[in-house]
Amino acid sequence: MKVRSIRGFHDILPEDIGRWHHIEELAKNLFELYGYSEIRIPALEFTEVFARGLGTSSDIVEKEMYTFTDRDGSSLTLRPEGTAGVVRAYIENSMYTKTPQSKLYYTGMMFRHERPQKGRYRGFYQIGAELFGADAPESDAELIAMNHNFFGSIGLSGSVTLELSSLGDGECKPAYKSMLTDYFNGHKDRLCEDCQRRLGTNPLRILDCKQKTCIEISKDAPKMLDNLCESCTEHFGRVKDSLDSIGVPYEINPKIVRGLDYYTRTVFEFTTDQLGAQNAVAAGGRYDGLVKELGGPETPAVGFAMGIERIVLLHQQVVPEGFGRRVDIYIAYLGDEARNAAFSLAHELRSAGARVGADYGGKSLKSQMKRADKSGARYTIIIGEDELSRGVVKLRDMEKSSEDEIALDLKSQP
RNA sequence: GUGCGCGUAGCUCAGCCUGGUUAGAGCACUGGGUUGUGGCCCCAGAGGCCGCCGGUUCAAGUCCGGUCGCGCACCCCA
(Lines give C-alpha, C1' and ligand atoms only; values in the text may rest on other atoms or scores of the structure.)
Protein backbone atom coordinates (compact mmCIF):
# COMPACT_ATOMS: atom_id res chain seq x y z
CA MET A 1 0.00 0.00 0.00
CA LYS A 2 1.39 3.34 -1.04
CA VAL A 3 1.39 6.25 1.35
CA ARG A 4 -1.03 9.01 0.53
CA SER A 5 -2.19 12.40 1.66
CA ILE A 6 -5.08 13.05 4.00
CA ARG A 7 -8.49 13.55 2.39
CA GLY A 8 -9.08 17.17 1.54
CA PHE A 9 -5.40 18.05 1.72
CA HIS A 10 -3.45 18.61 -1.45
CA ASP A 11 -0.01 19.35 -2.80
CA ILE A 12 0.76 22.50 -4.69
CA LEU A 13 3.09 21.36 -7.44
CA PRO A 14 6.01 23.18 -9.07
CA GLU A 15 4.01 23.66 -12.26
CA ASP A 16 1.46 25.74 -10.34
CA ILE A 17 3.65 27.50 -7.84
CA GLY A 18 4.53 30.38 -10.17
CA ARG A 19 0.91 31.46 -10.15
CA TRP A 20 0.74 31.16 -6.38
CA HIS A 21 3.83 33.31 -5.98
CA HIS A 22 2.45 35.87 -8.39
CA ILE A 23 -0.81 36.17 -6.49
CA GLU A 24 0.78 36.17 -3.05
CA GLU A 25 3.39 38.74 -4.00
CA LEU A 26 0.83 41.12 -5.43
CA ALA A 27 -1.31 40.81 -2.32
CA LYS A 28 1.57 41.43 0.06
CA ASN A 29 2.90 44.39 -1.90
CA LEU A 30 -0.54 45.91 -2.11
CA PHE A 31 -1.30 45.43 1.57
CA GLU A 32 1.97 47.07 2.49
CA LEU A 33 1.05 49.98 0.27
CA TYR A 34 -1.90 50.49 2.61
CA GLY A 35 0.31 50.30 5.69
CA TYR A 36 -0.25 46.71 6.71
CA SER A 37 2.50 44.57 8.21
CA GLU A 38 2.67 40.81 8.22
CA ILE A 39 2.07 38.93 11.43
CA ARG A 40 2.86 35.25 11.78
CA ILE A 41 0.90 33.31 14.30
CA PRO A 42 0.64 29.64 15.25
CA ALA A 43 -1.53 27.25 13.30
CA LEU A 44 -2.48 25.64 16.60
CA GLU A 45 -4.31 27.40 19.42
CA PHE A 46 -6.21 26.51 22.53
CA THR A 47 -9.67 25.46 21.42
CA GLU A 48 -11.12 28.24 23.53
CA VAL A 49 -9.70 30.89 21.19
CA PHE A 50 -11.96 29.70 18.39
CA ALA A 51 -14.89 28.54 20.49
CA ARG A 52 -15.22 31.96 22.11
CA GLY A 53 -14.11 33.85 19.04
CA LEU A 54 -16.31 32.33 16.38
CA GLY A 55 -19.33 31.61 18.55
CA THR A 56 -20.23 28.15 19.74
CA SER A 57 -23.30 27.94 17.53
CA SER A 58 -21.41 28.46 14.29
CA ASP A 59 -21.06 25.41 12.08
CA ILE A 60 -17.31 25.76 12.04
CA VAL A 61 -17.04 25.36 15.78
CA GLU A 62 -19.82 22.84 16.03
CA LYS A 63 -18.65 20.31 13.51
CA GLU A 64 -15.72 21.40 11.38
CA MET A 65 -12.76 21.88 13.70
CA TYR A 66 -9.73 19.64 13.97
CA THR A 67 -9.68 19.43 17.75
CA PHE A 68 -7.66 17.04 19.88
CA THR A 69 -6.32 16.67 23.36
CA ASP A 70 -2.69 17.48 24.14
CA ARG A 71 -0.60 15.32 26.46
CA ASP A 72 -1.36 17.52 29.44
CA GLY A 73 -5.07 17.23 28.79
CA SER A 74 -5.62 20.67 27.27
CA SER A 75 -7.82 20.96 24.21
CA LEU A 76 -6.07 22.24 21.09
CA THR A 77 -7.47 23.14 17.69
CA LEU A 78 -5.91 23.66 14.27
CA ARG A 79 -7.04 27.09 13.16
CA PRO A 80 -10.17 27.02 10.99
CA GLU A 81 -9.68 30.71 10.12
CA GLY A 82 -7.21 33.48 10.81
CA THR A 83 -8.99 36.27 12.59
CA ALA A 84 -9.44 34.74 16.04
CA GLY A 85 -5.74 33.93 16.30
CA VAL A 86 -4.71 37.38 15.14
CA VAL A 87 -7.01 38.91 17.73
CA ARG A 88 -5.50 36.66 20.38
CA ALA A 89 -2.02 37.80 19.35
CA TYR A 90 -3.15 41.42 19.30
CA ILE A 91 -4.36 41.13 22.86
CA GLU A 92 -1.55 38.97 24.18
CA ASN A 93 1.11 41.34 22.85
CA SER A 94 -0.77 44.41 24.07
CA MET A 95 -0.63 45.86 20.61
CA TYR A 96 -3.33 48.37 21.52
CA THR A 97 -0.83 50.16 23.77
CA LYS A 98 1.72 50.60 21.00
CA THR A 99 -0.20 52.39 18.28
CA PRO A 100 -3.74 53.69 18.10
CA GLN A 101 -4.36 51.50 15.09
CA SER A 102 -2.86 48.20 14.09
CA LYS A 103 -2.88 47.02 10.50
CA LEU A 104 -1.94 43.37 10.20
CA TYR A 105 -2.00 40.81 7.43
CA TYR A 106 -1.34 37.10 7.54
CA THR A 107 -1.20 34.10 5.31
CA GLY A 108 -1.18 30.40 6.00
CA MET A 109 -3.05 27.17 6.00
CA MET A 110 -6.45 26.82 7.62
CA PHE A 111 -8.14 23.56 8.57
CA ARG A 112 -11.79 22.65 8.35
CA HIS A 113 -13.21 19.16 8.48
CA GLU A 114 -15.78 19.45 5.70
CA ARG A 115 -16.60 17.22 2.75
CA PRO A 116 -14.26 18.38 0.01
CA GLN A 117 -15.56 19.55 -3.33
CA LYS A 118 -14.55 21.92 -6.09
CA GLY A 119 -12.75 24.89 -4.53
CA ARG A 120 -13.15 23.51 -1.04
CA TYR A 121 -10.45 21.73 0.87
CA ARG A 122 -9.88 20.59 4.42
CA GLY A 123 -6.47 22.20 4.41
CA PHE A 124 -6.48 25.44 2.45
CA TYR A 125 -4.64 28.73 2.31
CA GLN A 126 -5.94 32.15 3.13
CA ILE A 127 -4.49 35.62 2.96
CA GLY A 128 -6.24 37.99 5.30
CA ALA A 129 -5.93 41.47 6.72
CA GLU A 130 -7.20 42.98 9.95
CA LEU A 131 -7.46 46.59 11.03
CA PHE A 132 -7.78 47.23 14.77
CA GLY A 133 -8.77 50.44 16.50
CA ALA A 134 -10.68 52.09 13.68
CA ASP A 135 -14.39 52.65 13.91
CA ALA A 136 -14.87 55.11 11.06
CA PRO A 137 -16.87 53.87 8.08
CA GLU A 138 -14.10 55.18 5.84
CA SER A 139 -11.88 52.48 7.34
CA ASP A 140 -14.34 49.82 6.20
CA ALA A 141 -14.39 51.39 2.77
CA GLU A 142 -10.61 51.59 2.60
CA LEU A 143 -10.23 47.94 3.49
CA ILE A 144 -12.83 46.95 0.92
CA ALA A 145 -11.15 49.14 -1.68
CA MET A 146 -7.85 47.43 -0.94
CA ASN A 147 -9.49 44.07 -1.54
CA HIS A 148 -11.06 45.42 -4.72
CA ASN A 149 -7.72 46.71 -5.96
CA PHE A 150 -6.17 43.34 -5.31
CA PHE A 151 -8.59 41.68 -7.71
CA GLY A 152 -7.85 44.41 -10.19
CA SER A 153 -4.12 43.89 -9.90
CA ILE A 154 -4.35 40.19 -10.72
CA GLY A 155 -6.71 40.83 -13.60
CA LEU A 156 -9.90 39.49 -12.06
CA SER A 157 -12.02 42.63 -11.74
CA GLY A 158 -14.29 41.35 -14.45
CA SER A 159 -14.73 37.99 -12.77
CA VAL A 160 -15.76 39.01 -9.29
CA THR A 161 -18.61 41.03 -7.83
CA LEU A 162 -18.52 42.92 -4.57
CA GLU A 163 -21.60 42.29 -2.48
CA LEU A 164 -22.24 44.53 0.47
CA SER A 165 -24.54 44.66 3.43
CA SER A 166 -24.79 45.53 7.10
CA LEU A 167 -25.73 43.23 9.93
CA GLY A 168 -26.31 45.90 12.54
CA ASP A 169 -24.65 46.28 15.90
CA GLY A 170 -25.17 44.94 19.41
CA GLU A 171 -28.48 46.70 19.59
CA CYS A 172 -30.28 46.35 16.31
CA LYS A 173 -28.82 42.96 15.31
CA PRO A 174 -30.52 40.97 18.12
CA ALA A 175 -33.70 43.00 17.74
CA TYR A 176 -33.86 42.20 14.05
CA LYS A 177 -33.08 38.55 14.70
CA SER A 178 -36.05 38.13 17.00
CA MET A 179 -38.25 40.04 14.55
CA LEU A 180 -37.19 37.60 11.85
CA THR A 181 -37.72 34.59 14.10
CA ASP A 182 -41.22 35.79 14.84
CA TYR A 183 -41.96 36.26 11.18
CA PHE A 184 -40.74 32.82 10.13
CA ASN A 185 -42.43 31.17 13.08
CA GLY A 186 -45.66 32.34 11.54
CA HIS A 187 -44.84 30.31 8.40
CA LYS A 188 -43.02 27.48 10.08
CA ASP A 189 -45.06 24.64 8.60
CA ARG A 190 -44.25 25.73 5.05
CA LEU A 191 -40.49 26.03 5.55
CA CYS A 192 -38.22 23.22 4.38
CA GLU A 193 -36.71 20.83 6.86
CA ASP A 194 -33.37 22.64 6.90
CA CYS A 195 -35.02 25.98 7.49
CA GLN A 196 -37.07 24.70 10.39
CA ARG A 197 -33.79 23.80 11.99
CA ARG A 198 -32.24 27.15 11.01
CA LEU A 199 -35.10 28.88 12.75
CA GLY A 200 -33.62 27.69 16.01
CA THR A 201 -29.96 28.16 15.15
CA ASN A 202 -29.59 31.07 12.73
CA PRO A 203 -32.77 32.48 11.18
CA LEU A 204 -30.68 34.76 8.94
CA ARG A 205 -29.75 31.73 6.88
CA ILE A 206 -33.35 31.12 5.90
CA LEU A 207 -33.07 34.23 3.75
CA ASP A 208 -30.37 32.43 1.78
CA CYS A 209 -32.27 29.15 1.31
CA LYS A 210 -32.57 27.81 -2.24
CA GLN A 211 -35.93 26.06 -1.80
CA LYS A 212 -38.72 27.65 -3.81
CA THR A 213 -41.26 28.03 -1.02
CA CYS A 214 -38.65 29.34 1.39
CA ILE A 215 -37.63 31.97 -1.15
CA GLU A 216 -41.26 32.97 -1.48
CA ILE A 217 -41.75 33.26 2.23
CA SER A 218 -38.52 35.22 2.52
CA LYS A 219 -39.75 37.82 0.06
CA ASP A 220 -42.00 39.41 2.63
CA ALA A 221 -39.66 38.90 5.55
CA PRO A 222 -38.39 42.01 7.31
CA LYS A 223 -35.08 43.22 5.88
CA MET A 224 -32.07 43.92 8.03
CA LEU A 225 -31.27 47.03 6.07
CA ASP A 226 -34.71 48.46 6.87
CA ASN A 227 -34.22 47.76 10.53
CA LEU A 228 -30.80 49.13 11.24
CA CYS A 229 -30.58 51.50 14.15
CA GLU A 230 -29.82 55.13 13.43
CA SER A 231 -26.06 54.94 13.97
CA CYS A 232 -25.75 51.76 11.91
CA THR A 233 -27.74 53.36 9.09
CA GLU A 234 -25.40 56.32 9.12
CA HIS A 235 -22.33 54.08 9.24
CA PHE A 236 -23.53 52.00 6.31
CA GLY A 237 -24.38 55.13 4.35
CA ARG A 238 -20.91 56.52 4.76
CA VAL A 239 -19.33 53.21 3.72
CA LYS A 240 -21.34 53.33 0.52
CA ASP A 241 -20.57 57.02 -0.09
CA SER A 242 -16.87 56.41 0.40
CA LEU A 243 -16.85 53.54 -2.07
CA ASP A 244 -18.84 55.64 -4.54
CA SER A 245 -16.39 58.50 -4.21
CA ILE A 246 -13.48 56.39 -5.41
CA GLY A 247 -15.46 54.41 -7.93
CA VAL A 248 -15.49 50.99 -6.31
CA PRO A 249 -18.56 49.20 -7.70
CA TYR A 250 -20.72 47.10 -5.42
CA GLU A 251 -24.11 45.48 -5.19
CA ILE A 252 -26.23 45.64 -2.10
CA ASN A 253 -27.13 42.14 -1.04
CA PRO A 254 -29.14 42.18 2.18
CA LYS A 255 -29.03 38.39 2.26
CA ILE A 256 -25.33 38.11 2.97
CA VAL A 257 -24.93 35.83 5.94
CA ARG A 258 -21.44 35.35 7.23
CA GLY A 259 -20.43 32.07 8.73
CA LEU A 260 -18.87 33.50 11.83
CA ASP A 261 -20.91 34.92 14.66
CA TYR A 262 -18.61 37.81 15.40
CA TYR A 263 -19.55 40.13 12.56
CA THR A 264 -21.25 43.45 13.19
CA ARG A 265 -22.27 46.23 10.85
CA THR A 266 -20.46 46.09 7.51
CA VAL A 267 -20.14 42.70 5.83
CA PHE A 268 -19.00 41.99 2.29
CA GLU A 269 -18.14 39.20 -0.09
CA PHE A 270 -16.36 39.07 -3.38
CA THR A 271 -18.16 36.39 -5.34
CA THR A 272 -17.80 34.72 -8.72
CA ASP A 273 -20.07 32.57 -10.83
CA GLN A 274 -17.17 30.66 -12.35
CA LEU A 275 -16.30 28.25 -9.55
CA GLY A 276 -19.30 26.00 -9.23
CA ALA A 277 -20.99 26.01 -5.87
CA GLN A 278 -18.18 27.83 -4.11
CA ASN A 279 -18.91 31.38 -5.10
CA ALA A 280 -17.07 33.36 -2.43
CA VAL A 281 -13.43 34.12 -3.15
CA ALA A 282 -12.97 36.68 -0.40
CA ALA A 283 -15.13 37.84 2.46
CA GLY A 284 -14.98 39.96 5.53
CA GLY A 285 -16.54 42.63 7.61
CA ARG A 286 -16.52 44.53 10.83
CA TYR A 287 -16.27 42.79 14.18
CA ASP A 288 -16.43 45.40 16.91
CA GLY A 289 -17.11 42.99 19.75
CA LEU A 290 -14.48 40.32 19.19
CA VAL A 291 -11.45 41.84 20.89
CA LYS A 292 -13.42 42.34 24.07
CA GLU A 293 -14.96 38.90 23.81
CA LEU A 294 -11.48 37.40 23.85
CA GLY A 295 -10.44 39.38 26.90
CA GLY A 296 -9.00 42.56 25.42
CA PRO A 297 -10.16 46.13 25.70
CA GLU A 298 -13.18 47.23 23.72
CA THR A 299 -11.69 47.68 20.26
CA PRO A 300 -13.43 48.23 16.95
CA ALA A 301 -12.00 46.16 14.11
CA VAL A 302 -12.60 45.23 10.51
CA GLY A 303 -10.97 42.63 8.31
CA PHE A 304 -11.27 40.07 5.55
CA ALA A 305 -9.81 36.84 4.26
CA MET A 306 -9.30 35.54 0.76
CA GLY A 307 -9.24 31.87 -0.23
CA ILE A 308 -6.09 31.40 -2.25
CA GLU A 309 -7.03 28.10 -3.89
CA ARG A 310 -10.24 29.63 -5.16
CA ILE A 311 -8.43 32.67 -6.49
CA VAL A 312 -5.82 30.46 -8.15
CA LEU A 313 -8.59 28.37 -9.73
CA LEU A 314 -10.29 31.48 -11.04
CA HIS A 315 -7.00 32.97 -12.20
CA GLN A 316 -6.21 29.80 -14.13
CA GLN A 317 -9.45 30.17 -16.06
CA VAL A 318 -8.94 33.82 -16.84
CA VAL A 319 -5.17 33.81 -17.45
CA PRO A 320 -4.32 30.23 -18.42
CA GLU A 321 -0.76 30.65 -19.64
CA GLY A 322 2.54 32.11 -18.70
CA PHE A 323 3.28 30.89 -15.20
CA GLY A 324 5.59 27.97 -15.83
CA ARG A 325 9.05 28.30 -14.43
CA ARG A 326 11.80 28.61 -16.96
CA VAL A 327 15.51 28.63 -17.25
CA ASP A 328 17.35 31.16 -19.34
CA ILE A 329 20.12 28.97 -20.67
CA TYR A 330 20.50 25.24 -21.08
CA ILE A 331 23.92 23.69 -21.41
CA ALA A 332 24.40 20.64 -23.60
CA TYR A 333 27.69 18.87 -24.05
CA LEU A 334 29.35 15.96 -25.80
CA GLY A 335 32.06 13.89 -24.19
CA ASP A 336 33.67 13.64 -20.79
CA GLU A 337 35.95 16.61 -21.18
CA ALA A 338 33.11 18.77 -22.33
CA ARG A 339 31.08 17.65 -19.34
CA ASN A 340 33.64 19.18 -17.02
CA ALA A 341 33.52 22.38 -19.00
CA ALA A 342 29.71 22.34 -18.91
CA PHE A 343 29.74 21.88 -15.17
CA SER A 344 32.07 24.84 -14.63
CA LEU A 345 30.26 27.03 -17.11
CA ALA A 346 26.91 26.38 -15.43
CA HIS A 347 28.45 27.40 -12.14
CA GLU A 348 29.87 30.62 -13.60
CA LEU A 349 26.67 31.60 -15.35
CA ARG A 350 24.64 31.07 -12.22
CA SER A 351 27.08 33.17 -10.25
CA ALA A 352 26.40 35.87 -12.80
CA GLY A 353 22.68 35.54 -12.12
CA ALA A 354 21.44 33.46 -15.01
CA ARG A 355 19.01 30.61 -14.50
CA VAL A 356 20.84 27.68 -15.97
CA GLY A 357 19.70 24.17 -16.70
CA ALA A 358 21.91 21.20 -17.42
CA ASP A 359 21.88 17.51 -16.81
CA TYR A 360 25.04 15.48 -16.75
CA GLY A 361 23.47 12.21 -17.75
CA GLY A 362 25.63 11.61 -20.81
CA LYS A 363 22.65 11.37 -23.13
CA SER A 364 22.75 12.04 -26.83
CA LEU A 365 22.85 15.60 -28.01
CA LYS A 366 19.41 15.15 -29.49
CA SER A 367 18.08 14.12 -26.14
CA GLN A 368 19.75 17.08 -24.48
CA MET A 369 18.23 19.41 -27.04
CA LYS A 370 14.82 18.02 -26.25
CA ARG A 371 15.35 18.74 -22.60
CA ALA A 372 16.59 22.20 -23.43
CA ASP A 373 13.41 22.79 -25.40
CA LYS A 374 11.23 21.58 -22.55
CA SER A 375 13.03 23.65 -20.01
CA GLY A 376 11.87 26.72 -21.86
CA ALA A 377 15.40 28.03 -22.23
CA ARG A 378 15.82 30.88 -24.67
CA TYR A 379 19.39 29.83 -25.40
CA THR A 380 21.24 26.57 -25.44
CA ILE A 381 25.00 26.45 -25.12
CA ILE A 382 26.53 23.49 -26.90
CA ILE A 383 29.98 22.34 -25.89
CA GLY A 384 31.57 19.73 -28.11
CA GLU A 385 35.09 18.34 -28.31
CA ASP A 386 35.68 20.42 -31.40
CA GLU A 387 34.70 23.72 -29.89
CA LEU A 388 36.42 22.94 -26.63
CA SER A 389 39.78 22.51 -28.31
CA ARG A 390 39.29 25.93 -29.93
CA GLY A 391 38.16 27.57 -26.69
CA VAL A 392 34.69 28.37 -27.98
CA VAL A 393 31.14 27.18 -27.49
CA LYS A 394 28.05 27.33 -29.67
CA LEU A 395 25.24 29.56 -28.55
CA ARG A 396 21.94 28.52 -30.04
CA ASP A 397 18.95 30.80 -30.02
CA MET A 398 16.08 28.40 -29.51
CA GLU A 399 13.45 30.73 -30.92
CA LYS A 400 15.31 31.82 -34.04
CA SER A 401 17.07 28.48 -34.49
CA SER A 402 20.30 30.33 -35.18
CA GLU A 403 23.75 29.62 -33.83
CA ASP A 404 26.84 31.68 -33.08
CA GLU A 405 30.18 30.72 -31.75
CA ILE A 406 31.33 32.61 -28.71
CA ALA A 407 34.46 32.43 -26.62
CA LEU A 408 34.21 30.09 -23.67
CA ASP A 409 35.47 32.47 -21.03
CA LEU A 410 34.33 35.87 -22.30
CA LYS A 411 30.61 35.26 -22.45
CA SER A 412 28.72 37.94 -24.23
CA GLN A 413 25.55 38.74 -22.31
CA PRO A 414 22.63 37.05 -23.99
C1' G B 1 -23.53 13.98 8.09
C1' U B 2 -27.02 13.19 3.25
C1' G B 3 -27.61 12.27 -2.14
C1' C B 4 -25.73 11.15 -7.04
C1' G B 5 -21.60 9.74 -10.08
C1' C B 6 -16.77 7.54 -10.93
C1' G B 7 -12.27 3.99 -9.80
C1' U B 8 -8.52 0.27 -16.35
C1' A B 9 -0.76 2.60 -18.08
C1' G B 10 2.48 8.64 -15.14
C1' C B 11 -2.10 11.69 -17.22
C1' U B 12 -6.98 11.78 -20.06
C1' C B 13 -9.99 7.93 -21.28
C1' A B 14 -12.17 3.49 -24.53
C1' G B 15 -13.50 -1.62 -23.48
C1' C B 16 -18.31 -3.33 -19.17
C1' C B 17 -24.75 -2.86 -21.43
C1' U B 18 -24.71 -8.30 -24.55
C1' G B 19 -18.79 -12.47 -19.56
C1' G B 20 -14.93 -16.02 -23.82
C1' U B 21 -7.68 -15.94 -27.15
C1' U B 22 -1.82 -12.29 -25.50
C1' A B 23 -6.58 -5.52 -22.08
C1' G B 24 -6.43 -0.86 -26.02
C1' A B 25 -5.86 4.53 -27.72
C1' G B 26 -4.07 9.56 -27.27
C1' C B 27 -0.65 12.48 -24.51
C1' A B 28 3.88 12.03 -21.68
C1' C B 29 8.56 8.95 -21.28
C1' U B 30 13.00 6.12 -23.69
C1' G B 31 15.60 4.81 -28.17
C1' G B 32 16.02 5.17 -33.45
C1' G B 33 15.13 7.50 -38.48
C1' U B 34 19.86 12.20 -38.46
C1' U B 35 28.21 9.45 -35.81
C1' G B 36 27.02 16.53 -32.98
C1' U B 37 21.24 19.81 -32.85
C1' G B 38 14.81 20.91 -30.00
C1' G B 39 9.63 21.77 -31.87
C1' C B 40 6.55 18.78 -36.93
C1' C B 41 6.60 13.79 -38.98
C1' C B 42 7.69 8.34 -39.10
C1' C B 43 9.30 3.65 -36.61
C1' A B 44 10.19 0.93 -32.24
C1' G B 45 10.27 0.22 -26.92
C1' A B 46 9.08 0.48 -21.93
C1' G B 47 5.07 1.13 -18.82
C1' G B 48 -1.22 -2.45 -16.07
C1' C B 49 -2.54 -6.75 -8.50
C1' C B 50 -8.53 -3.46 -14.73
C1' G B 51 -8.88 0.11 -6.34
C1' C B 52 -9.56 -3.98 -2.68
C1' C B 53 -12.35 -8.31 -0.63
C1' G B 54 -15.91 -11.79 -1.51
C1' G B 55 -19.95 -14.08 -4.60
C1' U B 56 -22.14 -16.10 -9.32
C1' U B 57 -19.99 -18.90 -13.49
C1' C B 58 -16.56 -23.94 -17.02
C1' A B 59 -14.79 -18.76 -17.52
C1' A B 60 -15.12 -11.99 -14.49
C1' G B 61 -11.79 -5.76 -16.36
C1' U B 62 -17.03 -7.01 -17.83
C1' C B 63 -22.51 -9.51 -13.74
C1' C B 64 -23.83 -9.19 -8.10
C1' G B 65 -22.66 -7.72 -2.89
C1' G B 66 -19.53 -5.30 0.35
C1' U B 67 -15.52 -2.12 1.29
C1' C B 68 -12.00 1.75 0.56
C1' G B 69 -10.76 5.96 -2.36
C1' C B 70 -12.04 10.12 -5.45
C1' G B 71 -15.44 13.79 -7.69
C1' C B 72 -19.82 16.84 -7.79
C1' A B 73 -23.99 18.67 -5.20
C1' C B 74 -26.61 19.52 -0.36
C1' C B 75 -25.47 21.34 4.67
C1' C B 76 -21.92 25.01 5.44
C1' C B 77 -18.10 28.03 3.71
C1' A B 78 -12.56 31.13 1.66
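Below, chains carry the letters A, B, ... as their sequence lines are ordered, and counting in each starts from 1.
- Centroid-to-centroid, the aromatic rings of F343(A) and H347(A) stay 6.0 Å apart or farther.
- Donor-acceptor pairing under 3.5 Å, judged by distance alone, is absent between the side chain of E399(A) and the base of G38(B).
- Closest contact between the side chain of K370(A) and the listed nucleotides G38(B), A73(B), C77(B) involves G38(B).
- Note on R40(A) versus E38(A): salt bridge recorded, some NZ/NE/NH1/NH2 to OD/OE distance being below 4.0 Å.
- We find that CG of L365(A) is positioned 11 Å from P of U35(B), with the value rounded to whole Å.
- In this structure, of U37(B), A73(B), C75(B), it is C75(B) that holds the atom nearest to the side chain of K63(A).
- Look at CD on E15(A): it is 17 Å from P on G10(B), rounded to the nearest Å.
- Distances shown here put a side-chain N or O of R7(A) below 4.0 Å from the OP1 or OP2 atom of C70(B).
- For I382(A), the listed nucleotide lying nearest its side chain is G36(B); candidates were G36(B), C77(B), G38(B).
- At the heavy-atom level, Y125(A) lies nowhere under 4.0 Å from the strands shown.
- Side-chain proximity of K363(A) to G71(B), A78(B), G31(B): nearest is G31(B).
- Here F270(A) and F151(A) bring their ring centres to under 6.0 angstrom of each other.
- Counting any heavy atom pair closer than 4.0 Å across all strands shown, S401(A) reaches a base atom.
- Look at the P atom in both G48(B) and C40(B): the space between them is 27 Å, to the nearest Å.
- Taking atom P in both U30(B) and A14(B), one finds a spacing of 28 Å when rounded to whole Å.
- Of the candidates C76(B), G71(B), G38(B), the closest approach to any side-chain atom of P116(A) belongs to G71(B).
- Within 4.0 Å (heavy atoms only), E403(A) reaches at least one base atom of the nucleic acid.
- Contact record, A145(A) with L243(A): N-CD2, 4.5 Å, taken as the closest heavy-atom pair.
- For R4(A) against G69(B), a side-chain-to-base donor-acceptor contact under 3.5 Å is absent.
- Between C27(B) and A44(B), the two P atoms lie 14 Å apart (nearest whole Å).
- With distances taken from any side-chain atom of R120(A) to the nucleotides U30(B), A78(B), U37(B), the minimum falls on A78(B).
- A residue-by-residue look at G307(A) and Q117(A) shows that Q117(A) has its nearest nucleotide of RNA chain B further toward the 5' end.
- If you take CD1 of I256(A) and C1' of C76(B), they are 16 Å apart, rounded to a whole angstrom.
- Within the nucleic acid shown, A282(A) comes within 4.0 Å of sugar-phosphate atoms alone, with no base atom in reach, counting heavy atoms only.
- A centroid separation of 6.0 Å or more is found between the aromatic rings of Y105(A) and Y36(A).
- A gap of 13 Å separates the C1' atoms of G19(B) and C64(B), to the nearest Å.
- Two residues, S402(A) and V281(A), neighbour RNA chain B, and the one matched to the more 5' nucleotide by heavy-atom proximity is S402(A).
- Separation of the C1' atoms belonging to A59(B) and U67(B) is 25 Å when rounded to the nearest angstrom.
- The side chain of A283(A) lies closest to A78(B) when the candidates are G32(B), G38(B), A78(B).
- Rounded to a whole Å, the CD atom of Q368(A) is 12 Å from the C1' atom of G38(B).
- When the P atom is used for both G51(B) and A78(B), the distance is 38 Å, rounded to whole Å.
- At the heavy-atom level, K366(A) lies under 4.0 Å from base atoms of the strands shown.
- If you take CG of N279(A) and P of C76(B), they are 13 Å apart, rounded to a whole angstrom.
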How does RNA chain B look in dot-bracket notation if pairs are Watson-Crick or G-U with both distances under 3.5 Å, crossing ones as [ ], other-strand ones as |? (((((((..((((......[...)))).(((((.......))))).....(((((..]....))))))))))))....

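- When heavy atoms are screened at a 4.0 angstrom cut-off, G128(A) is found touching no nucleic acid atom at all.
- Nucleotides G65(B) and C4(B) are separated by 14 Å at their P atoms, to the nearest Å.
- Put simply, CZ on R265(A) and CZ on F236(A) are 12.0 Å apart, with the number rounded to the nearest 0.5 Å.
- The only option from R88(A), R52(A), R79(A) that meets the salt bridge (Lys or Arg N to Asp or Glu O under 4.0 Å) definition with E45(A) turns out to be R88(A).
- One C1' atom belongs to C13(B), the other to C50(B), and the distance between them is 13 Å to the nearest Å.
- One atom, OH of Y333(A), and another, P of G36(B), lie 13 Å apart when rounded to the nearest Å.
- In this structure, R115(A) atom CZ and G3(B) atom P are separated by 9 Å, rounded to whole Å.
- Per the geometry, CG belonging to L334(A) stands 6 Å off P belonging to G36(B), to the nearest Å.
- Closest approach of R371(A) and Y330(A) over heavy atoms only: CB-OH, 3.5 Å.
- Using a 4.0 Å cut-off between charged side-chain N and carboxylate O, E405(A) and R390(A) make a salt bridge.
- When every heavy atom of L164(A) is checked against every heavy atom of K240(A), the shortest pair comes out as CD2-CG, 4.1 Å.
- Backbone-only engagement by R371(A) is indicated by non-hydrogen atom pairs under 4.0 Å involving sugar-phosphate atoms exclusively.
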